[in-house]
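Letters go in sequence order (proteins before strands), and every chain restarts at 1.
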Protein chains: 2
Amino acid sequence: MTSADRAFRVLEEEIVSGRIPMGTKLGEESLASRFGISRGPLREALRRLEGRSLVVSAAHAGVRVVQLKTEDLIELYEVRESLEGLAVRLAAERGSDEEIRSLRAFVDSQAATRAPDDRDYSQGIGDEDFHYRIATVSGSKRLQNLLCGDLYSLIRLCRFRTWTIPGQKRSQEDHERIMQAIEERDGELADLLMRRHVAAARARFMTAEAASTKL
Amino acid sequence: MTSADRAFRVLEEEIVSGRIPMGTKLGEESLASRFGISRGPLREALRRLEGRSLVVSAAHAGVRVVQLKTEDLIELYEVRESLEGLAVRLAAERGSDEEIRSLRAFVDSQAATRAPDDRDYSQGIGDEDFHYRIATVSGSKRLQNLLCGDLYSLIRLCRFRTWTIPGQKRSQEDHERIMQAIEERDGELADLLMRRHVAAARARFMTAEAASTKL
DNA sequence: CCCCAGTTGATTGTCAACAATATAGGCGCT
DNA sequence: AGCGCCTATATTGTTGACAATCAACTGGGG
């Protein structure tokens, strides 16, 4: 593993997790000294981040962490809606029995470990994990990379805004129904339910956003 | 515009157009001398290509143009099907009257300029242009970048394989019906028709592929 | 007092040389 | 003759220095 690889992974994680806020300027020299490497490999790491749209760079003006506006997040959710529908359809139609059993076990464990008052956050993680696993079961590498590699990263980048009331009980019910559709190999129904599921998440975000901008 | 930018654009165009075949090794020194630049900027261009999945790089083993297998192309078509459905739905529901009129004018011009025997290729271009314009009218920057920037590039990269019988008359009829759905602001219908349209293209490719591998 | 131009400073873009590693070819061994 | 090892070469990874460009600051003029 090269030093540029390390810098890329660390920066990617820090940007996606929000530890480096949106719009932050990424000076080459300071970052290079921080990682203990030269500017050459660091610039390569930045270019890879640029290729993945996590940063934007203007010539002679440095690179900054991408700054997503409200419309950008809405667009991301729209794309995610379609792609997750496709993913769950493929998972239902082409997933192996073993994969589906494993997915069922996960859903049940999620339902069991959910403490009655454990609202906010562990549910968010569990929800994310559910979608992540479906992308895997879909069997489409390209789709998995698009969802897990690009979309989720960008959406998580704005997580602080979508820390709205998760409505996790409803989410849990959604998961259960989607799971049933998968087990019945009903790709079309799973697709429909999944689209509604993420559309609901988008709606929650939009109402929360509207409320916050009204203030 | 920096020299790394130039190298990136030229290489991107040459890879996507197929002038640099899949699997070709991209040596740094030869490319650098060809562009008249040093290895530093060239490496940055390669890293940007890597971020866009047009090349794959292994440490100390150089970078090669991505080599798409049959399953990869199928996966690309599946993703494209969903995303184009979304694009045309958004175009129908949110496109301005002016944009839709412009789109109609384009479809009509395509139907008019198509010479009766002009099969193979100008239709392929026209078809691509149609989808490109719909992505624009959808109004979603993210979707437009995904479709026009990433998916079409990778699909075109395999164009030599999908030079199958275009069935352009059927394609023209598809466009006409999709256009009508857009004009009626029927996003759901446009979505359905578009999905069928690209599913048909995928089916043509798959049968052609099956025939060629049977040989 | 305000505005514009020149200059200084810092940051980015580029280069050529050095170090590290994988691939290829030859040599010896079995 | 076939196989494994070892060297040699070529390519990649990394570095520090140099050049070019942009931004801020200062000084002079209106």
At 4.0 Å (heavy atoms only), tell me whether A/Gly40 reaches a base, stays on the sugar-phosphate, or touches nothing.
base

Quick one: is B/Arg43 getting a side-chain N or O under 4.0 Å of the D/dG13 phosphate, OP1 or OP2?
yes

Taking all heavy atoms of B/Ser138 and all of B/Leu90, pick out the closest pair and write down the distance.
O-CB, 3.8 Å

Which part of the nucleic acid does B/Pro41 contact within heavy-atom distance under 4.0 Å: base, sugar-phosphate only, or nothing?
sugar-phosphate

Kindly point out which of D/dG13, D/dT12, D/dC22 is positioned nearest to the side chain of A/His60?
D/dC22

Using atom CD1 of A/Ile37 as one end and atom P of D/dG16 as the other, report the distance to the nearest whole Å.
11 Å

Here's one to test your reading of the geometry: is the NZ or CZ of B/Arg133 within 45 degrees of the ring axis of B/Phe106 and under 6.0 Å from its centre?
yes

Ion pair B/Arg104/B/Glu183, N-O distance below 4.0 Å:
yes

For A/Glu14, does the CD atom have more than 12 heavy-atom neighbours from other residues, nucleotides or ligands under 6.0 Å away?
yes

D/dT12 C1' sits how many Å from B/Arg64 CZ, rounded?
14 Å

Side-chain contact, heavy-atom cut-off 4.5 Å: B/Glu12 with B/Leu54?
yes

Rounded distance in Å - CG (B/Leu46) to P (D/dT11)
15 Å

Using the heavy-atom set of chain A and a strict 4.0 Å cut-off, write down the first and last nucleotide of DNA chain C that makes it in, 5' to 3'.
C/dT12 to C/dT14

If each of B/Lys25 and A/Gly36 is mapped to the nucleotide of DNA chain D with the nearest heavy atom, which maps nearer the 5' terminus, i.e. the 5' end?
B/Lys25

Are A/Arg52 and A/Asp150 within salt-bridge range, i.e. N to O under 4.0 Å?
yes

Can you check the B/Glu50 CD to D/dT12 P distance for me, whole Å?
13 Å

Is the phosphate of D/dG13 approached by B/Arg47 (side-chain N or O, under 4.0 Å from OP1 or OP2)?
yes

Got a sec: does the CZ of A/Arg202 have more than 12 other heavy atoms crowding it under 6.0 Å?
yes

So what does A/Thr2 touch, heavy atoms closer than 4.0 Å: a base, only the sugar-phosphate, or nothing?
sugar-phosphate

